[in-house]
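Take a look at the structure set out below.
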Amino acid sequence: MNAYAPILVLGALGAGFAIFSVVMATLIGPKRYNRAKLDAYECGIEPTPTPAGGGRFPIKYYLTAMLFIVFDIEIVFLYPWAVTFDALGIFGLVEMLLFVLTVFVAYAYVWRRGGLEWD
């Protein structure tokens with residue numbers, strides 16, 4: 001238990017600081033509300049009303065999310081592979097080449113669907 005005491009103290013200090021900051025901001029901060037502050041913010045663009053059921057999102061949002069997940073998973077597998085590269089030998093190299101090839105297939109799909117072009 002003594003080995004984990006510094007980690008627990010650091011976590012308690014971090015949580016205490018976060019709670020203190022939020023409470024003090026609500027107590028001391030300005031309270032001038034207007035309609036513009038309460039409206040949804042859309043990157044400086046005038047907010048557009050959405051239908052009751054939500055609305056349709058362009059496919060580019062999903063393609064960008066898919067591209068992020070693909071490259072995130074690639075990094076998760078590439079880092080341990082790079083650490084143990086010498087121990088894996090030629091088998092590890094061939095397997096990683098096949099994995100990178102499948103990642104590039106996903107990348108080509110996103111590129112072909114226009115996920116990398118922003119209007």
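Atom set for the values below is all heavy atoms of this structure, side chains included, hydrogens, waters and symmetry mates excluded. Only a predicted model underlies this, so the values are computations on that prediction, with no experimental measurement involved.
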Ring centre gap for Trp81 and Phe77 strictly below 6.0 Å: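 Centroid separation for Trp81 and Phe77: 6.0 Å or greater.
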
With rounding to the nearest 0.5 angstrom, report the [atom1] to [atom2] distance, [X] to [Y].
{"X": "Leu78", "Y": "Ile73", "atom1": "CG", "atom2": "CD1", "result": "12.0 Å"}
{"X": "Ile69", "Y": "Thr64", "atom1": "CD1", "atom2": "OG1", "result": "11.0 Å"}
{"X": "Met24", "Y": "Phe17", "atom1": "CE", "atom2": "CZ", "result": "11.5 Å"}
{"X": "Leu67", "Y": "Trp111", "atom1": "CG", "atom2": "CH2", "result": "12.0 Å"}

Going hydrophobic residue to hydrophobic residue with side-chain gaps under 4.5 angstrom, can you get from [X] over to [Y]?
{"X": "Ile28", "Y": "Val22", "answer": "no"}
{"X": "Val100", "Y": "Leu97", "answer": "yes"}
{"X": "Leu93", "Y": "Phe91", "answer": "no"}
{"X": "Val23", "Y": "Leu13", "answer": "no"}
{"X": "Phe68", "Y": "Val103", "answer": "yes"}

Minimum-distance pair of heavy atoms, taken over all atoms of Thr26 and Lys31: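 It is O-NZ, 2.9 Å.
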
Shortest non-hydrogen separation from Ile75 to Pro80 and the atoms involved: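 That would be O-CD, 4.5 Å.
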
Full working for side chain to side chain contact (heavy atoms under 4.5 Å, CB included) between Phe99 and Met96: CA-CA 5 Å; Phe99 175 70; Met96 191 49 68; 3.6 Å; yes

Side-chain touch Glu74/Phe71, heavy atoms, less than 4.5 angstrom: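 Yes, side chains in contact.
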
